[in-house]
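Here is the structure we will look at, set down as structure tokens.
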Number of protein chains: 4
Amino acid sequence: MSREEKARATLDSLLNAGCAVVAAEGYSDASVAKIADLAGVAHGTFYNYFEDRKALFNALLPYEGLRMREKIEQIARTAPPGVQREIVRFEAFLNYVIENEGFYRILYEAEIFAPEAHREHMDNIVNGYLGTFRRAMAENRIRRFDDQQLHCLIYQILGMRAYAAMQIHYAADQSEKLRIRDCSVEMYGLFFGQSLLQT
Amino acid sequence: MSREEKARATLDSLLNAGCAVVAAEGYSDASVAKIADLAGVAHGTFYNYFEDRKALFNALLPYEGLRMREKIEQIARTAPPGVQREIVRFEAFLNYVIENEGFYRILYEAEIFAPEAHREHMDNIVNGYLGTFRRAMAENRIRRFDDQQLHCLIYQILGMRAYAAMQIHYAADQSEKLRIRDCSVEMYGLFFGQSLLQT
Amino acid sequence: MSREEKARATLDSLLNAGCAVVAAEGYSDASVAKIADLAGVAHGTFYNYFEDRKALFNALLPYEGLRMREKIEQIARTAPPGVQREIVRFEAFLNYVIENEGFYRILYEAEIFAPEAHREHMDNIVNGYLGTFRRAMAENRIRRFDDQQLHCLIYQILGMRAYAAMQIHYAADQSEKLRIRDCSVEMYGLFFGQSLLQT
Amino acid sequence: MSREEKARATLDSLLNAGCAVVAAEGYSDASVAKIADLAGVAHGTFYNYFEDRKALFNALLPYEGLRMREKIEQIARTAPPGVQREIVRFEAFLNYVIENEGFYRILYEAEIFAPEAHREHMDNIVNGYLGTFRRAMAENRIRRFDDQQLHCLIYQILGMRAYAAMQIHYAADQSEKLRIRDCSVEMYGLFFGQSLLQT
DNA sequence: CATGAATGAGAATTCATTCAT
DNA sequence: GATGAATGAATTCTCATTCAT
């Protein structure tokens with residue numbers, strides 16, 4: 001391995017260790033010592049890669065969040081555009097949460113412990129939806145909304161999926177998670193489908 | 001003041017100080033020292049009233065959350081039962097968040113820092129909605145759902161209002177908060193109204 | 001011991017330990033850990049008495065410096081006022097340095113590590129001299145100087161005694177220290193006596 | 001550039017960077033990292049030129065101190081030997097301090113952070129004065145002193161100029177610095193001139 | 001020689017909690 | 001029951017130095 005490759009590997013170790021520790025114990029208990037230990041590097045090495053603890057925290061959500069968004073979009077593209085695709089997107093999100101147990105904490109504690117990253121993550125997602133909705137409006141697939149309305153709409157959509165994820169997260173076992181997922185998708189379709197159609 | 005009254009006054013001081021400090025700085029930075037100082041008692045006194053720091057945290061949400069729920073229901077009761085009332089409830093919640101700036105933190109950080117209280121708070125609210133919806137179904141005011149569906153529905157409703165609150169919380173100024181509130185209520189009505197009616 | 005007395009005793013322990021450690025190793029190597037250990041208290045206790053490490057450093061010079069100034073003035077008062085007394089004062093200072101080995105570091109490193117305290121210490125001493133010289137001028141015991149001149153004069157006097165102290169501090173052994181002291185006093189008299197007299 | 005020239009250039013970079021950083025932040029905060037960065041070399045390169053951090057510190061004072069002594073002597077040679085020349089020397093020193101703001105720290109913190117270099121610097125200066133005074137005595141320009149007396153005399157002279165420099169260093173602005181300089185020279189002449197003449 | 005990532009000992013500081021008064 | 005000094009484990013972060021490339 002070249003020097004550069006090694007550095008990249010160390011950075012990845014730290015990011016992965018960061019994710020693992022935060023997933024397991026939350027940001028609050030994710031000490032630099034634990035993360036460095038798990039990454040297999042000296043404590044000081046941490047600070048060669050991150051300004052401080054907060055900097056790692058702010059790097060976690062982009063690192064994991066991008067992975068999630070890509071996975072979801074990849075699946076979403078298999079569905080026909082429009083309401084149908086949005087429902088697939090919702091389901092894909094819930095599946096991601098089910099399959100990546102720890103992601104829930106990384107994402108939902110970020111508002112508190114990695115506010116910059118959280119804001120950016122939110123903005124990214126909101127912007128993605130803005131584009132989707134504007135296209136849909138342009139093509140007359142949904143009714144018209146002004147920008148303010150679109151923003152409020154999107155936040156409420158995000159709230160639905162966030163709280164569906166919460167419900168799943170706190171479910172007792174795997175089969176309950178799956179049941180909640182299916183039922184949430186159904187309810188989401190109910191809410192979502194009828195409300196946005198042309199009148 | 002009798003001994004008992006004095007004790008109750010001290011307890012209240014601590015709870016109020018706890019709310020104030022958490023509202024201002026978040027649970028994470030709400031040290032026992034700060035809370036005791038603000039309450040005007042010695043640090044040691046804190047432990048005569050709470051097992052430990054976590055115990056106070058878990059007491060905060062019931063203390064403030066009840067106040068909120070009462071305020072909201074009081075307003076909700078002025079509206080005719082059914083979809084209309086639920087929309088009023090939603091608006092009342094957003095108004096509460098606007099008027100009680102610090103409450104947002106007490107509530108939304110509780111999932112992390114006061115998980116027991118948060119769970120109970122959620123259960124209380126969910127149960128409230130369960131009753132409301134069951135009555136509405138019994139009276140044929142809304143379509144029928146089974147229990148699983150009701151739970152999922154309610155979580156999504158809570159998600160909407162939580163994220164509308166988030167949007168308001170991060171709004172730049174008061175007038176923007178009010179605009180978001182009004183627009184969110186409108187969107188909520190859109191989602192909510194059409195989806196639940198009898199088909 | 002009452003609670004208050006105990007607190008005072010702890011504070012004294014810390015101040016004395018601070019002096020001892022700084023005297024032995026210099027401010028630079030005087031860690032809070034070493035000082036607390038020597039004082040026989042927990043590390044955290046240190047911070048019940050001092051804002052931070054710098055605060056202790058700034059407390060050291062007043063603590064020791066006052067002791068020195070009192071000792072010197074007590075001796076100086078035994079001499080007749082005027083040039084004679086000033087020479088006694090100079091000698092008393094050198095004796096203090098000889099007898100209080102560690103004081104040299106506390107005093108001369110303070111310019112770097114406890115700048116506020118050093119500034120105040122200097123001002124105190126300068127003001128003391130200002131008074132002395134103004135009285136002497138008023139009584140026609142020395143020639144006249146304006147304020148600017150007095151300040152410059154005093155700084156040079158302080159430089160003499162500081163560097164005489166330095167010479168003593170680095171002397172190989174006790175007898176050499178004493179020789180340097182006596183000789184410095186003699187030279188000081190030479191410089192000092194002739195220059196200030198009325199012309 | 002030959003290999004040797006390049007090495008010399010790197011060494012100079014490090015020495016100049018060392019001076020700059022110490023002048024700006026003091027020895028205490030002059031980390032190897034800052035110095036190497038400013039010199040434009042890798043951290044590891046530092047250790048090809050200096051055993052350790054202390055070694056650089058001990059190199060700084062000779063590097064800058066020599067420059068100062070040469071400058072001063074060059075000016076001093078323009079004055080007639082004797083008391084007159086010594087006063088010019090004193091003034092030249094104060095001017096050097098005024099013109100080389102950062103030098104004050106390099107010089108006066110050296111006693112603590114570069115004790116070997118400081119000792120040598122002092123010895124060099126003391127020896128310079130010893131020669132001067134011995135010549136002056138041989139030529140009957142000043143009264144006679146034995147070696148011990150000469151040493152004490154010289155230390156007190158050095159003290160005067162050091163503290164005059166301190167007074168200047170802490171002066172509020174440039175014009176005050178100049179006033180203090182002029183007044184200090186005057187007072188120095190008073191002390192110095194009358195005391196050393198033949199009696 | 002130059003590089004710069006890795007090291008790890010050690011520094012300052014915080015704070016929940018205890019307990020003698 | 002109230003007090004507040006004492007505790008000490010834990011945390012974040014720094015930096016001189018090393019050494020494989």
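Treat the numbers as computed from the prediction; the structure is a model and nothing was measured. Because only heavy atoms are used, hydrogens play no part in the values below, and waters and symmetry mates are left out as well, while side chains stay in. To find a chain, count down the sequence lines: A is the first, B the second, and so on, and within it residues start at 1.
- Per the geometry, CG belonging to A:Asp37 stands 12 Å off P belonging to E:dA9, to the nearest Å.
- Look at F:dA20: its Watson-Crick or wobble partner, with both distances under 3.5 angstrom, is E:dT3.
- Nearer the 5' end of DNA chain E, as judged by each residue's closest nucleotide, is the contact made by D:Thr10, out of D:Thr10 and A:Val41.
- In terms of modelled atom types and a separation under 3.5 Å, the side chain of B:Tyr47 and the main chain of B:Asp52 share no donor-acceptor contact.
- In this structure, B:Glu4 places its CD atom 13 Å from P of F:dA2, rounding to the nearest Å.
- Summarising the geometry, the separation between CZ on D:Arg8 and C1' on E:dA2 is reported as 19 Å, rounded to the nearest angstrom.
- The side chain of B:Asn48 approaches F:dA2 more closely than any other nucleotide in the set F:dT12, F:dA2, E:dT3.
- Computed from coordinates, the D:Asp29 CG to E:dA12 P distance equals 14 Å when rounded to whole Å.
- Proximity note for D:Ser31 (side chain, C-beta onward) versus F:dA2, F:dA16, E:dT7: the nearest is F:dA16.
- Atom CG of D:Leu14 and atom P of F:dA16 are 14 Å apart (whole Å).
- Straight-line distance from the CG atom of C:Leu56 to the P atom of E:dA11: 15 Å, rounded to whole Å.
- When both pairing distances are held under 3.5 Å, E:dA12 makes a Watson-Crick or G-U pair with F:dT11.
- Atom CD in D:Glu25 sits about 14 Å away from atom P in F:dT14, given to the nearest Å.
- Remark: side-chain polar atoms of C:Arg53 are not paired, donor with acceptor, to backbone N or O of C:Ser31 under 3.5 angstrom.
- Going from atom CD of A:Glu5 over to atom P of E:dA5 covers 15 Å, rounded to whole Å.
- Considering A:Glu120, A:Glu51, A:Glu116, A:His118 as possible partners of A:Asn58, the one that fulfils the side chain to side chain donor-acceptor pair (under 3.5 Å) test is A:Glu116.
- Across all strands shown, A:Phe50 has no heavy atoms under 4.0 Å from either base or sugar-phosphate atoms.
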Under 3.5 Å, N/O pairs linking protein and nucleotides 17-21 of chain E:
{"residue": "E:dT17", "atom": "OP2", "partner": "B:Tyr47", "partner atom": "OH", "Å": "3.2"}
{"residue": "E:dT17", "atom": "OP2", "partner": "B:Arg53", "partner atom": "N", "Å": "3.0"}
{"residue": "E:dT21", "atom": "O2", "partner": "C:Arg3", "partner atom": "NH2", "Å": "3.0"}

